[in-house]
Amino acid sequence: MTVQVGEASTSMPACSPQGPRTRRQKRLAEEGSDCLAVTTKETPRIRRRKTSATTVSLFVRWYNPSGKTKVSHLPLKPIETVDALQGISKTLVDKAFPVAERPDYLTGPDFYKFTPAEEFMSLPGDIARTEFRLVITHDGWEYCILERDLGAHLDCHRNMLVTVIEFESTALMIGQLGLRVNLIAYPVVSVKKTFLDDMEHQLRTDPDFKGQLGNSQTSSECLL
């Protein structure tokens with residue numbers, strides 16, 4: 001009876017469980033032991049370090065004439081272009097900014113564009129002052145990287161420009177009376193790429209990073 005060993009594979013001989021009896025079988029048995037060592041060796045695994053993603057939020061603080069405040073937290077979703085807006089946000093921007101008249105912070109490549117998950121909010125009454133805070137979240141920690149009041153002239157470096165649109169709701173009929181509600185939307189939040197990239201780089205590389213709260217540009221700095 002002929003024993004065929006090592007013909008099942010063209011790349012390496014098969015492994016024989018029997019001990020050597022002839023020189024040929026001894027040679028094949030030794031090759032078989034090498035085959036066993038090769039097939040049972042574990043392939044090294046490459047472990048890649050996971051990096052936690054950051055999220056961006058806008059905090060809006062309203063001050064009424066009597067000094068009372070109301071804060072709204074608006075998580076932001078990144079969008080490639082303004083054309084990616086949907087629903088009421090798209091309708092408001094299309095009406096307020098015709099395509100041919102859109103400013104560079106809505107169309108230019110130098111700005112990241114975000115839109116809030118909440119499309120609009122009702123105004124709580126007379127607003128004497130509006131304050132914006134741009135916050136990034138990393139590993140469960142929040143870092144305020146920019147704080148300023150409403151008004152593009154208060155951010156001469158144009159690190160963050162918020163599109164603000166006020167409008168009225170469709171009249172809600174209660175009996176013979178029509179009721180309208182004053183609403184406000186922030187459909188696009190444009191953040192300068194160099195600014196946000198620099199903040200995220202500091203966050204990931206500087207263990208003492210605490211954000212930029214209170215270090216944002218003021219109107220006096222913009223006049224210099």
Side-chain angles (χ1 to χ4, degrees), residues 49-63 69 71-86 89-90 92-93 96-97 99 101-121 127 129-166 184-224:
R49 184 179 180 182
K50 295 182 179 180
T51 56
S52 301
T54 59
T55 58
V56 184
S57 300
L58 181 70
F59 283 80
V60 182
R61 185 185 298 270
W62 292 323
Y63 296 84
T69 62
V71 179
S72 298
H73 174 211
L74 304 177
L76 299 178
K77 302 181 297 183
I79 54 175
E80 289 292 332
T81 65
V82 174
D83 294 331
L85 291 171
Q86 298 178 351
S89 296
K90 179 175 178 58
L92 293 174
V93 170
F97 300 96
V99 176
E101 301 177 8
R102 289 178 180 174
D104 64 330
Y105 60 85
L106 292 181
T107 60
D110 295 333
F111 292 88
Y112 291 116
K113 287 89 173 173
F114 300 90
T115 187
E118 188 173 354
E119 291 186 301
F120 59 90
M121 299 176 289
I127 302 299
R129 175 186 161 212
T130 299
E131 177 189 275
F132 295 126
R133 290 188 181 186
L134 186 65
V135 174
I136 55 177
T137 303
H138 180 72
D139 285 341
W141 295 91
E142 292 182 344
Y143 303 86
C144 180
I145 59 173
L146 191 148
E147 175 188 355
R148 71 172 180 84
D149 287 355
L150 174 64
H153 65 285
L154 299 179
D155 187 3
C156 56
H157 300 286
R158 305 207 307 167
N159 289 329
M160 179 181 68
L161 297 171
V162 182
T163 303
V164 183
I165 301 177
E166 295 186 25
I184 190 167
Y186 305 99
V188 183
V189 178
S190 303
V191 183
K192 185 177 288 186
K193 287 185 176 181
T194 53
F195 169 75
L196 186 56
D197 290 345
D198 179 61
M199 290 294 102
E200 289 194 341
H201 175 73
Q202 292 185 44
L203 172 62
R204 296 180 184 279
T205 59
D206 183 2
D208 296 325
F209 181 79
K210 295 180 176 63
Q212 301 294 322
L213 183 60
N215 294 330
S216 60
Q217 292 78 28
T218 63
S219 56
S220 60
E221 289 176 337
C222 293
L223 295 175
L224 294 177

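- Residues meeting the ring pair (Phe, Tyr, Trp, His ring centres under 6.0 Å) test with F114, sequence neighbours left out: none.
- Residues satisfying the side-chain hydrogen bond (donor to acceptor under 3.5 Å, both in side chains) test with E119, not counting sequence neighbours, are none.
- Every residue two or more places apart in sequence or in another chain that forms a salt bridge (Lys or Arg N to Asp or Glu O under 4.0 Å) with E131 is listed here: R61, R129, R133.
- Considering L146, L134, V162, V56 in turn, L134 is the only one that fulfils the side-chain contact (heavy atoms from CB on, under 4.5 Å) rule with V191.
- Taking the ring pair (Phe, Tyr, Trp, His ring centres under 6.0 Å) definition, one finds that F111 meets it with nothing, sequence neighbours left out.
- Here the shortest heavy-atom pairing between T130 and Y186 reads CG2-OH, 4.3 Å.
- By the salt bridge (Lys or Arg N to Asp or Glu O under 4.0 Å) test, D83 pairs with R102, sequence neighbours left out.
- Judged as a side-chain hydrogen bond (donor to acceptor under 3.5 Å, both in side chains), and not counting sequence neighbours, the contacts of Q202 are D198.
- Taking F209 as the reference, Y143 meet the ring pair (Phe, Tyr, Trp, His ring centres under 6.0 Å) condition, with sequence neighbours excluded.
- In this structure the side chain of V60 reaches within 4.5 angstrom of the side chain of F132, judged on heavy atoms.
- Listed by first then second residue, pairs satisfying salt bridge (charged side-chain N to carboxylate O under 4.0 Å, His left out) with a partner in residues 184-197 number zero, not counting sequence neighbours.
- Looking only at side-chain heavy atoms (C-beta outward), Y112 and P78 stay at 4.5 Å or farther from each other.
- Residues A185 and L92 come closest through the heavy atom pair CB-CD1, 3.7 Å.
- Between N159 and I145, every side-chain heavy-atom pair lies at or beyond the 4.5 Å cut-off.
- Side chains of T163 and Y105 form a contact here, defined as non-hydrogen atoms less than 4.5 Å apart.
- Take K77 and apply the side chain to side chain contact (heavy atoms under 4.5 Å, CB included) test, not counting sequence neighbours, and it matches T115.
- Remark: T55 pairs with T137 by the side chain to side chain contact (heavy atoms under 4.5 Å, CB included) rule, at least two apart or across chains.
- The CD1 atom of I165 sits 6.0 Å away from the CZ atom of F97 when rounded to the nearest 0.5 Å.
- Smallest separation of non-hydrogen atoms from L85 and P187: CD2-O, 3.8 Å.
- Taking each heavy atom of S190 and L106 in turn, the nearest pair found is OG-CD2, 4.2 Å.
- In this structure, the separation between CD on E118 and CG on L58 is 11.5 Å, given to the nearest 0.5 Å.
- When all heavy atoms of H201 and T205 are compared, the closest pair comes out as O-OG1, 2.6 Å.
- Here the closest heavy-atom approach between residue T54 and residue E200 is recorded as OG1-OE2, 2.7 Å.
- Evaluation of the ring pair (Phe, Tyr, Trp, His ring centres under 6.0 Å) rule for F59 yields H73 as partners, not counting sequence neighbours.
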Show the numbers, then the answer: is there a side chain to side chain contact (heavy atoms under 4.5 Å, CB included) between K113 and T81? CA-CA 7 Å; K113 287 89 173 173; T81 65; over 6 Å; no

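- Separating the OG1 atom in T107 from the CD atom in E101 is a distance of 12.5 Å, to the nearest 0.5 Å.
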